[in-house]
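Just below is one structure, and these are the notes that go with it.
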Amino acid sequence: MKVIRKKEDPNAPAGKPAAAPPAKPAGGGIRVVNRAPPPPVVSQEEIESRKVAQLLGRLTLGEHDRHCDGHTDIDGVVAAAGFSALQANGLLTKLKAEMDDTTNAEGRESALLAFKQLCQSVGRPCEPYVVPLLEHMLDRLADKASPVREAAMSAAQAVVGILCPHAVELVLPVIFDAMEDSKKWQVKEGALLLLAALTRSAPSQVAACLPAIVPLISERMVDPREQVKAAAATAGTATFKLVGNRDIEHILDDLLHCVARPAEVPDVVSKLSATTFVQTVEAPALAVMVPLLVKGLRESTAIQRKSCVIITNMSKLVNSPVDAVNFLPKLLPGVEKVARVAADPELRDVASSALAILEKVAKEGEEASAQPESAKAEATAYLQMLKDTIARSLDIKVDQTTLEYVAQMTTLLFNSRNFEFDEWADAMVPYLTAFLSEEGAESVCRAYMAKAMSQLSEAEEEDHGWEIDEEDADKDELCNCRFSLAYGGKILLNNATLRLIRGRRYGLCGGNGVGKSTLMKAIARGQLDGFPAPDELKTV
């Protein structure tokens with residue numbers, strides 16, 4: 001390749017002289033080049049703390065203004081002044097005002113982040129004050145500003161994260177309201193995700209509310225918004241796992257998703273009809289099965305028949321008619337229609353049998369409802385009783401908001417006849433320790449619980465079931481349980497008793513098809529409620 005050198009123009013202006021090459025370090029060695037250090041990495045937590053500190057610096061908190069210097073976040077201010085003192089000077093009231101200020105997006109975000117930090121820093125003692133604000137936090141999930149929406153979800157999750165399990169019934173109405181059709185999709189999505197979070201922190205309390213939860217999740221499973229559908233599936237999966245009935249565990253996903261996939265209803269009904277039922281059926285199990293059975297009654301003749309058989313047998317396995325009564329308005333119209341207008345006479349007979357037992361359950365439920373109810377506590381009465389107990393035990397003043405919150409939770413405990421001291425302590429001690437010592441809080445709890453128990457009548461003493469023979473009273477008992485057993489569409493044992501004494505020999509006697517082999521298989525598979533685990537009692 002030929003290289004042609006450009007001829008320089010002697011009249012051209014002189015250019016910049018060529019830069020001199022860098023001098024080599026004397027005596028050889030490594031040349032050091034000074035460079036500016038990279039900027040420090042600031043974590044999201046630090047960013048949030050700065051925003052909260054700046055917000056606190058704008059607030060007026062009386063004698064505690066010196067702590068709110070614009071550089072101290074919630075952790076520092078609470079450590080310096082104490083939560084009770086800050087609350088008394090209107091901290092939460094001012095934060096709520098900032099959260100609701102529609103003209104200042106930065107202020108809304110900072111206030112929500114402050115509530116998040118408050119929950120994380122203070123814990124249970126601030127719960128009575130932030131739980132009433134959960135509705136406002138959910139509304140902010142539809143805020144026009146993205147940072148506000150993110151802060152609102154963080155704050156709501158923080159509130160649910162510190163929630164006492166016995167306060168679930170106080171929070172669920174707020175979550176249910178946020179799932180209504182009239183709410184924006186971001187609010188519905190957030191409410192469903194909070195419901196899923198509650199299943200981890202308060203599983204038994206959420207399970208008890210499944211009859212109210214399942215219909216709402218079913219509605220959201222067919223929501224126009226894909227984000228809401230996905231959140232409903234998440235909440236549904238989490239809540240359905242709390243049913244507590246091992247017999248239907250294998251089809252829980254099917255029971256959930258057939259709500260949004262009607263074509264799968266016949267297959268799921270067939271699976272349910274082939275299930276061996278051992279456990280008694282309670283309200284949570286009914287809550288997840290009834291929607292399927294209602295749909296099954298609108299299917300083909302074969303599926304209608306299977307649905308009617310399942311309804312008949314489920315009704316027989318329900319111990320408390322009150323549990324079933326709540327679902328009768330959904331089942332009765334469909335069964336009655338099949339019994340009246342079905343073209344197949346055999347199907348009409350099966351439906352008529354199902355209708356007869358449903359009407360029997362309805363009658364039993366009415367009779368049970370007509371019985372004198374057990375004493376029900378009122379939160380106002382318990383509030384006064386709590387005040388009296390504290391006044392007699394200690395010369396100290398407890399905040400009214402805290403007292404009302406504790407009274408609400410203990411009222412729920414009394415009405416559910418839960419008198420485990422650990423449960424009452426969990427609903428009282430963490431809140432009272434903001435005002436008195438832990439020892440003093442436990443003392444108040446014991447005295448308060450004793451007063452509550454004194455309101456029980458003798459007629460409410462626990463019934464332990466069957467009589468025990470005198471000769472077996474002192475023997476080593478291996479098993480003492482009550483259960484029901486069904487196979488497919490046939491009830492084999494209903495509310496049966498099994499008691500085994502060490503050293504005795506037992507035999508199962510009965511004709512073909514009465515359930516001897518099914519019972520032994522259920523025992524071997526660990527499906528029998530109350531039967532000892534394999535590591536306690538060997539099953540061959």
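These numbers come from the heavy atoms of this one structure, side chains and all, not from hydrogens, waters or symmetry mates.
Electrostatic pairing of Asp253 and Lys241 does not count as a salt bridge here, judged by no charged N lying under 4.0 Å from a carboxylate O.
The salt bridge (Lys or Arg N to Asp or Glu O under 4.0 Å) pairs that include a residue from residues 186-195 are Lys188-Asp223, where partners are two or more places apart or lie in different chains. Residue pairs meeting the ring pair (Phe, Tyr, Trp, His ring centres under 6.0 Å) criterion with at least one partner in residues 175-212, sequence neighbours excluded, do not occur; the list is empty. Note on residues 440-453: no pairs pass salt bridge (Lys or Arg N to Asp or Glu O under 4.0 Å), not counting sequence neighbours.
Rounding to the nearest 0.5 Å gives a distance of 14.0 Å between CG of Leu138 and NZ of Lys184. Separation of atoms CD (Glu364) and CD1 (Ile357) is listed at 8.5 Å; rounding is to 0.5 Å. Rounded to the nearest 0.5 Å, atoms CG (Leu286) and CE (Met314) are 8.5 Å apart. Atom-to-atom distance recorded for Met99:CE and Leu55:CG is 12.0 Å, nearest 0.5 angstrom. Atom NZ of Lys96 sits about 14.0 Å away from atom CG of Leu91, to the nearest 0.5 Å. Distance OH/Tyr382 to CG/Leu412: 11.0 Å, rounded to 0.5 Å.
When every heavy atom of Ile217 is checked against every heavy atom of Ala232, the shortest pair comes out as CG2-O, 3.7 Å. Val288 and Ile248 make their closest contact through CG2-CD1, 3.9 Å (heavy atoms, listed as atom of the first residue, atom of the second, distance). Taking each heavy atom of Leu141 and Gly190 in turn, the nearest pair found is CD1-CA, 3.8 Å. In plain terms, the two heavy atoms of Cys126 and Phe83 that are nearest each other are CB-CZ, 3.6 Å. Taking each heavy atom of Leu195 and Ala235 in turn, the nearest pair found is CD2-CB, 4.4 Å. Closest approach of Trp424 to Ala452, counting heavy atoms only: CH2-CB, 3.7 Å.
Partners of Glu219 by side chain to side chain contact (heavy atoms under 4.5 Å, CB included), not counting sequence neighbours, listed by chain and number: Leu216. Remark: Phe240 pairs with no residue by the ring-ring contact (aromatic ring centres under 6.0 Å, His included) rule, at least two apart or across chains. With sequence neighbours left out, Tyr405 forms a ring-ring contact (aromatic ring centres under 6.0 Å, His included) with Tyr431. Here Lys387 pairs with Leu383, Gln384, Gln400, Leu403 under the side chain to side chain contact (heavy atoms under 4.5 Å, CB included) rule; sequence neighbours left out. Every side chain to side chain contact (heavy atoms under 4.5 Å, CB included) that Thr401 has, sequence neighbours left out, goes to Pro128, Tyr129, Asp399. With sequence neighbours left out, Arg200 forms a side chain to side chain contact (heavy atoms under 4.5 Å, CB included) with Ala197.
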For residues 201-214, which side-chain donor-acceptor pairs fall under 3.5 Å, sequence neighbours excluded?
none

Which atom pairs, donor and acceptor, lie under 3.5 Å between side-chain atoms of residues 153-170 and protein residues at least two apart or in another chain?
residue : atom : partner : partner atom : Å
Ser154  : OG   : Glu150  : O            : 3.1
His166  : NE2  : Glu423  : OE1          : 2.7

Without placing hydrogens or testing angles, list every side-chain donor-acceptor pair under 3.5 Å for residues 104-122, not counting sequence neighbours.
residue : atom : partner : partner atom : Å
Asn104  : OD1  : Glu106  : N            : 3.3
Asn104  : OD1  : Gly107  : N            : 2.9
Arg108  : NE   : Asp143  : OD2          : 2.9
Arg108  : NH1  : Asp101  : O            : 2.9
Arg108  : NH1  : Thr102  : O            : 3.1
Arg108  : NH2  : Asp143  : OD1          : 3.0
Arg108  : NH2  : Asp143  : OD2          : 3.4
Glu109  : OE1  : Lys51   : NZ           : 3.4
Glu109  : OE2  : Lys51   : NZ           : 2.8
Ser110  : OG   : Glu106  : O            : 3.0
Lys116  : NZ   : Glu48   : OE1          : 3.3
Gln117  : OE1  : Ile74   : N            : 3.3
Gln117  : NE2  : Ser49   : OG           : 3.4
Ser121  : OG   : Asp75   : OD1          : 3.0

Exercise for the section: Could you go through the side chain to side chain contact (heavy atoms under 4.5 Å, CB included) check for His257 and Met221 one step at a time? Expected result: CA-CA 8 Å; His257 291 290; Met221 289 286 290; 3.9 Å; yes

Practice task
Go through Arg124 and Glu127 one step at a time and tell me if the salt bridge (Lys or Arg N to Asp or Glu O under 4.0 Å) criterion holds.
Solution key: CA-CA 5 Å; Arg124 287 276 185 88; Glu127 184 184 332; 3.7 Å; yes

Exercise for the section: Check the pair Met179, Val228 against side chain to side chain contact (heavy atoms under 4.5 Å, CB included), reporting the backbone distance first and the verdict last. Expected result: CA-CA 10 Å; Met179 293 164 57; Val228 177; over 6 Å; no

Problem - Verdict with reasoning, Met428 to Met449, per side chain to side chain contact (heavy atoms under 4.5 Å, CB included) - result: CA-CA 10 Å; Met428 293 183 65; Met449 182 176 168; over 6 Å; no

Problem - Test log, rule side chain to side chain contact (heavy atoms under 4.5 Å, CB included), inputs Leu134 and Val130 - result: CA-CA 7 Å; Leu134 185 61; Val130 296; over 6 Å; no

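Between the Ser443 side chain and the Glu439 main chain, no donor and acceptor come within less than 3.5 Å of each other. One N or O on the side chain of Asn418 and one on the backbone of Glu420 form a donor-acceptor pair closer than 3.5 Å. Listed for the Thr199 side chain is a donor-acceptor partner under 3.5 Å among the backbone atoms of Ala196. In this structure, Arg220 contributes its side chain and Leu192 its backbone to no donor-acceptor pair below 3.5 Å. The backbone N or O of Val398 lies less than 3.5 Å from no partner atom in the side chain of Thr402, so there is not a single donor-acceptor pair.
Annotation: side chain of Val318 is not in contact with side chain of Thr280 (no heavy-atom distance under 4.5 Å). Side-chain contact between Ile311 and Leu297: present, with at least one pair of heavy atoms (C-beta onward) separated by less than 4.5 Å. At least one side-chain heavy atom of Leu255 sits less than 4.5 Å from a side-chain heavy atom of Leu252. Contact annotation: the side chain of Asp426 never approaches that of Asp422 to less than 4.5 Å [non-hydrogen atoms, C-beta and beyond]. Residues Leu386 and Ile390 form a side-chain contact, since some pair of their non-hydrogen atoms from C-beta on lies under 4.5 Å apart. Residues Val171 and Ile175 form a side-chain contact, since some pair of their non-hydrogen atoms from C-beta on lies under 4.5 Å apart. Contact check for Glu282 versus Val243: no side-chain heavy atoms found under the 4.5 Å cut-off. Contact check for Thr239 versus Leu198: no side-chain heavy atoms found under the 4.5 Å cut-off.
In this structure, Arg417 is not positioned above the aromatic face of Phe419 in the sense of NZ or CZ being under 6.0 Å from the six-membered ring centre and within 45° of the axis.
More than 12 heavy atoms of other residues, nucleotides or ligands shown are found within 6.0 angstrom of NZ on Lys229.
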